[in-house]
Protein chains: 2
Amino acid sequence: MTISAPEVAATMSTKTRLRLWLRLLKISRSVENNVREKLRVEFDSTLPRFDVLAALYQFPKGLRMSELSGLLKVSNGNVTGIVDRLVKDGLIIRTPVPGDRRALRVRLTKRGEEEFALQAAAHERWIDSLLSDVSLDEADHMISSFDQILANMNDKAGEAS
Amino acid sequence: MTISAPEVAATMSTKTRLRLWLRLLKISRSVENNVREKLRVEFDSTLPRFDVLAALYQFPKGLRMSELSGLLKVSNGNVTGIVDRLVKDGLIIRTPVPGDRRALRVRLTKRGEEEFALQAAAHERWIDSLLSDVSLDEADHMISSFDQILANMNDKAGEAS
DNA sequence: GGCATATATTTCAAGCTTAAAATATTTTTG
DNA sequence: CAAAAATATTTTAAGCTTGAAATATATGCC
């Protein structure tokens, strides 16, 4: 009996995929740590707060708590705490939803909008600088690869987009 | 005065790089959430614990606390807590470092080694499945791109490897 | 209408994470 | 050698995160 070629090939791409994942994780953590530090120093804020503001910025009419946690793909209880603090800081407000007394709609205040616009512009510059050696073509190519991976992954796992 | 071409191009690649980062983050979080859930259900463990065990598995002689936190790129105090719990569970042990009474060396116990071997094998299968539609060539190509990005990023930022 | 079930949100307990302060020890240097 | 500076680690306070339990309200069913 000879060595099974498929098994050898499978092992090889398994190891390579694992390496790919470790590299992906390393980049992701590097960028995240970098952005986290800049948010702290320049805006006295955090990544979770930025994420919440970013989501609300896209929806001027506001979002329900559950829509917000769904978008950010974090737990409900998690968002409660972050929103509490942002409300206390006057960057967002909670308003009741007419017709459903269980639900609350959250949206940016005027100040929250202005503050986030500043943070978003800075964030864009930070990312542009960190990824400055990625050409437009390269970036486009990687984005399509990622989209393909994401589409496939959402089938494999229960994990939504 | 005509529109400045360089500025237009810069804006375009800035936006594309931002999109690239958001996609990268999405994949990274999807995979992480998936692995986290599987570690919880199948091994009653967590990602930070897995990371610590993985680091120690590569260094059978053990690592100092500061080497460990350096490798994982997390704070010193963070590792203290995770190590405390792993010690309590009998998966690792702390031993004094001869000649330096400030330092402690941490290494896997026999049980920790056996337990991690199981987790690592399962982890490899999970990743292989999640990234199953990435071909060997594609993976290799992405790995080089990532390495290049990482090398460039470490110059831009104070952020080490 | 009234009871069961479902949905929206918060609370809770436990663990993760950080930056900064505290502790203990080692090394440098005057 | 003693004071000062540096290093290794832990502790602390605050915030983030999760899954599960609790609370409040709404919807479906008889």
Side-chain angles (χ1 to χ4, degrees), chain A residues 28-29 32-53 55 62-89 91-92 94-106 158-159, chain B residues 28-29 32-53 55 62-89 91-92 94-106 158-159:
Chain A
S28 169
R29 286 191 177 165
E32 278 197 345
N33 283 340
N34 201 285
V35 169
R36 189 192 316 284
E37 167 77 2
K38 292 229 173 74
L39 278 174
R40 185 176 67 84
V41 171
E42 296 186 23
F43 294 103
D44 189 28
S45 191
T46 67
L47 215 36
R49 288 165 63 101
F50 180 85
D51 288 343
V52 166
L53 296 178
L63 290 169
R64 289 173 179 225
M65 291 298 284
S66 48
E67 293 173 324
L68 189 49
S69 59
L71 271 174
L72 300 176
K73 281 200 271 300
V74 298
S75 67
N76 261 332
N78 185 359
V79 171
T80 298
I82 300 166
V83 163
D84 281 350
R85 286 179 284 275
L86 288 171
V87 166
K88 204 171 61 185
D89 293 348
L91 300 180
I92 67 181
R94 271 191 256 237
T95 55
V97 172
D100 190 343
R101 285 185 297 173
R102 292 168 306 180
L104 289 169
R105 192 177 297 289
V106 180
E159 287 281 2
Chain B
S28 168
R29 287 191 178 166
E32 277 196 346
N33 284 339
N34 201 285
V35 169
R36 189 191 316 284
E37 167 78 2
K38 292 229 173 75
L39 279 174
R40 185 176 66 83
V41 171
E42 297 187 23
F43 294 102
D44 191 27
S45 192
T46 67
L47 215 33
R49 288 165 63 101
F50 180 85
D51 289 342
V52 166
L53 296 179
L63 290 169
R64 287 172 181 228
M65 291 299 282
S66 49
E67 292 173 325
L68 190 49
S69 59
L71 271 174
L72 300 177
K73 279 202 271 300
V74 298
S75 66
N76 260 332
N78 184 358
V79 172
T80 297
I82 299 166
V83 164
D84 281 350
R85 286 179 284 273
L86 287 171
V87 166
K88 205 172 57 185
D89 292 349
L91 300 180
I92 68 181
R94 271 190 257 239
T95 55
V97 172
D100 190 343
R101 285 184 299 173
R102 292 167 306 180
L104 289 169
R105 191 176 298 289
V106 180
E159 287 280 3

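By convention in this document, chain letters (A, B, ...) are assigned in the order of the sequence lines, proteins followed by strands, and residues within each chain are numbered from 1.
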Next on the checklist: At a heavy-atom distance below 4.0 Å, which nucleotide of DNA chain D is the first touched by chain A, and which is the last?
Outcome noted: dG15(D) to dA26(D)
Check residues 63-72 of chain B and write down every donor-acceptor pair under 3.5 Å in which the side-chain atom is one partner and the other belongs to a residue at least two apart or another chain.
| residue | atom | partner | partner atom | Å |
| --- | --- | --- | --- | --- |
| Glu67(B) | OE1 | Arg64(B) | N | 2.8 |
| Ser69(B) | OG | Met65(B) | O | 3.4 |
| Ser69(B) | OG | Ser66(B) | O | 3.2 |
| Ser69(B) | OG | Asn76(B) | OD1 | 2.8 |

Next on the checklist: For Asp100(B) and Ser66(A), find the nucleotide of DNA chain C closest to each by heavy atoms; which residue's nucleotide sits nearer the 5' end?
Outcome noted: Ser66(A)
Next on the checklist: Checking Thr46(A) now: which residues fulfil side chain to side chain donor-acceptor pair (under 3.5 Å) with it, not counting sequence neighbours?
Outcome noted: none
Next on the checklist: Could you work out, with side chain to side chain donor-acceptor pair (under 3.5 Å) as the rule, every residue matching Asp84(A), not counting sequence neighbours?
Outcome noted: Arg94(A)
Item to check | Check against salt bridge (charged side-chain N to carboxylate O under 4.0 Å, His left out), Glu32(B) and Arg29(A) | outcome: CA-CA 12 Å; Glu32(B) 277 196 346; Arg29(A) 286 191 177 165; 3.3 Å; yes
Next on the checklist: Can you list everything that forms a salt bridge (Lys or Arg N to Asp or Glu O under 4.0 Å) with Arg85(B)? Sequence neighbours excluded, please.
Outcome noted: none
Checklist entry - Does the pair Asn33(B) and Arg36(B) meet the rule for a side chain to side chain contact (heavy atoms under 4.5 Å, CB included), with working shown? => result CA-CA 5 Å; Asn33(B) 284 339; Arg36(B) 189 191 316 284; 3.8 Å; yes
Item to check | Straight-line distance of Asp89(A) CG to Arg49(A) CZ, nearest 0.5 Å | outcome: 4.5 Å
Next on the checklist: Let me confirm one number: the CG-CZ distance from Asp100(A) to Arg105(A), rounded to the nearest 0.5 Å.
Outcome noted: 10.0 Å
Checklist outcome for this item: Nucleotide by nucleotide, nucleotides 10-20 of chain C touches protein heavy atoms under 4.0 Å in the pattern (B base, S sugar-phosphate only, - none) BB---SSSBSS
